[in-house]
Amino acid sequence: MKIRTIETYPLLYRLPSPYGDANGLKTFRSAYLIRIGTDDGVSGWGECADALETLHKGFHERIIPELIGQPAADRRKLVRSVKKLHARAASAVGMALSEIAALRAGMNITEIWGGRFRDKVPVYASFQSYTADADWRKRSVEAVERAAAAGFDAFKVKIGGKPIEDDQRHIADVQAAISGNMRLALDANQSYDAAAALAWRPLLERQPRLLWLEEPLRIQYVADYGLLRQRMPVPLAGGENLEAAADFLPLLTQRALDYITPDPLHVTGIDEYRATLSMARAFGIRATPHAFDGALTRLHALLAQACLEPFGKMQPDAIEPVEWDAMDNPFTGLVPLRPSGGEVAVPRGPGIGIELDTDLLAFYRWDGSRYE
Ligand code: MG
């Protein structure tokens with residue numbers, strides 16, 4: 001079973017109304033999918049994220065010529081070799097070859113991973129709360145209200161991009177808009193130092209229903225995270241940009257976080273991603289996947305979460321939620337899954353269990369023009 005074809009699908013959507021986080025406003029959303037086909041007619045999909053120009057050049061000039069003719073079953077070896085050329089691209093190769101392995105076995109990918117603990121995985125609606133509008137707070141609250149009306153019961157909103165007083169007014173508005181059994185996470189995208197993060201403590205002490213505070217500090221400040229964890233009345237989360245299971249070790253060994261947030265687009269390869277989840281379990285620290293970009297990536301996060309053992313004995317069915325992009329992004333529709341009651345039913349069919357929407361792939365295909 002040799003790799004015979006690799007098709008690439010660079011996708012672009014220019015946002016009619018830019019939105020963003022503490023890092024600034026986004027004017028577009030992009031995605032990069034690949035489809036690897038083998039000489040015995042099996043094919044699997046993968047996804048990665050980076051500048052479209054970089055990925056497209058990398059795949060067509062280096063990665064595709066290197067992979068054609070290689071054994072599709074040598075997934076880990078091939079991911080390692082692609083990682084040397086482009087780490088982000090290797091994630092797509094790992095996903096596609098995992099799906100091919102499952103299809104060859106006639107199994108769902110969760111079955112070749114050792115089977116599932118559950119068929120449904122909770123998701124939370126994730127927002128980019130800032131816009132250029134003067135009434136950004138009102139727009140943000142309305143978006144959260146729409147998600148609540150659609151059945152979500154957990155939400156993540158942004159802080160860190162405005163003066164703390166403005167952000168705290170926003171959080172108070174959001175809290176007032178959601179009902180008592182709903183939960184909220186706050187994400188600062190590494191905006192603060194420890195002193196600024198501690199300025200949030202009075203408000204957090206009055207908000208018992210917070211899921212977590214995400215990345216108040218640069219993730220490299222492990223000792224400060226440890227101190228903050230002692231002083232803050234809310235769980236701490238972070239690590240979405242780390243690239244290997246071992247990169248999480250300082251955070252885990254120094255007990256600096258309550259939740260790690262690995263992303264299958266950023267940890268190189270789905271096998272390494274799953275190793276990261278297992279490592280979190282070994283350290284007794286929760287893992288809630290970051291999966292804002294990429295519908296296929298989110299599906300892989302859901303499949304992996306279905307296979308993750310429970311984090312405690314008190315609620316044997318409980319599992320950490322997966323992030324669900326609740327913003328204007330047509331690429332969410334590439335994967336035909338919709339949350340219901342704050343959960344997603346994880347598909348059971350062969351491979352990844354779903355078909356991607358190829359009409360959307362064709363409609364949003366990037367034409368090579370500049371977009372930044
Ligand atoms: Mg984050």
Side-chain angles (χ1 to χ4, degrees), residues 18-26 29-31 49-50 88 91 122-131 136 140 143-144 147 152 154-162 164 167 170-171 174 183-194 196-197 200 204 210-222 224-225 228-229 232 234-244 247-248 250-252 256-267 273 276-277 280 285-295 297-298 300-302 304-305 320-327 329 332:
Y19 49 72
D21 57 21
N23 296 319
L25 297 184
K26 294 174 169 57
R29 297 297 296 270
S30 63
D50 203 341
R88 293 286 183 88
S91 291
V123 291
Y124 66 88
S126 187
F127 296 91
Q128 300 265 307
S129 305
Y130 300 127
T131 62
W136 66 272
S140 165
V144 172
F152 284 99
F155 315 92
K156 185 166 89 186
V157 295
K158 296 297 188 181
I159 62 173
K162 302 277 185 189
I164 287 178
D167 277 340
H170 171 228
I171 299 311
V174 172
R183 307 284 302 275
L184 189 63
L186 310 182
D187 185 0
N189 291 90
Q190 311 190 71
S191 295
Y192 300 135
D193 59 12
W200 278 85
L204 301 180
L210 288 175
L211 281 168
W212 63 74
L213 172 63
E214 184 169 317
E215 297 196 333
L217 317 173
R218 285 189 61 197
I219 200 67
Q220 290 79 9
Y221 297 165
V222 178
D224 278 356
Y225 268 101
L228 217 50
R229 192 177 177 216
M232 292 293 246
V234 58
L236 298 181
E240 67 193 50
N241 293 311
L242 300 181
E243 294 176 1
D247 294 348
F248 287 87
L251 295 158
L252 296 169
L257 293 174
D258 296 276
Y259 291 89
I260 62 163
T261 56
D263 187 324
L265 281 175
H266 300 163
V267 175
Y273 171 76
T276 307
L277 299 182
I285 287 175
R286 298 185 194 188
T288 179
H290 180 268
F292 187 72
D293 279 306
T297 300
R298 189 172 309 117
H300 276 268
L302 289 162
Q305 211 72 354
E320 303 93 319
V322 172
E323 182 171 33
W324 187 275
D325 176 1
M327 300 303 292
N329 181 1
T332 302

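Just so you know, these numbers use all the heavy atoms, side chains as well, and skip hydrogens, waters and symmetry mates. Note that the structure is a prediction, hence the values are computed from the model and not measured. Both ligands and their constituent atoms are indexed starting at 1 by order of listing.
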Colleague: Which atom, among the N/O/S set of E214, is closest to the Mg ion (ligand 1)?
Modeller: OE2
Colleague: Find out whether Y225 and R218 are in side-chain contact, i.e. whether some heavy atom of one side chain is under 4.5 Å from a heavy atom of the other.
Modeller: no
Colleague: Can you name the N, O or S atom of E240 that is closest to the Mg ion (ligand 1)?
Modeller: OE1
Colleague: Is the shortest distance from a Lys or Arg side-chain nitrogen in R286 or D258 to a carboxylate oxygen in the other one below 4.0 Å?
Modeller: no
Colleague: Taking atom CD1 of I171 and atom CG of L184, what is their separation to the nearest 0.5 Å?
Modeller: 6.0 Å
Colleague: Decide whether Y130 and N23 meet the rule of one side-chain donor and one side-chain acceptor closer than 3.5 Å.
Modeller: no
Colleague: If you look at D187, which of its N/O/S atoms is nearest to the Mg ion (ligand 1)?
Modeller: OD2
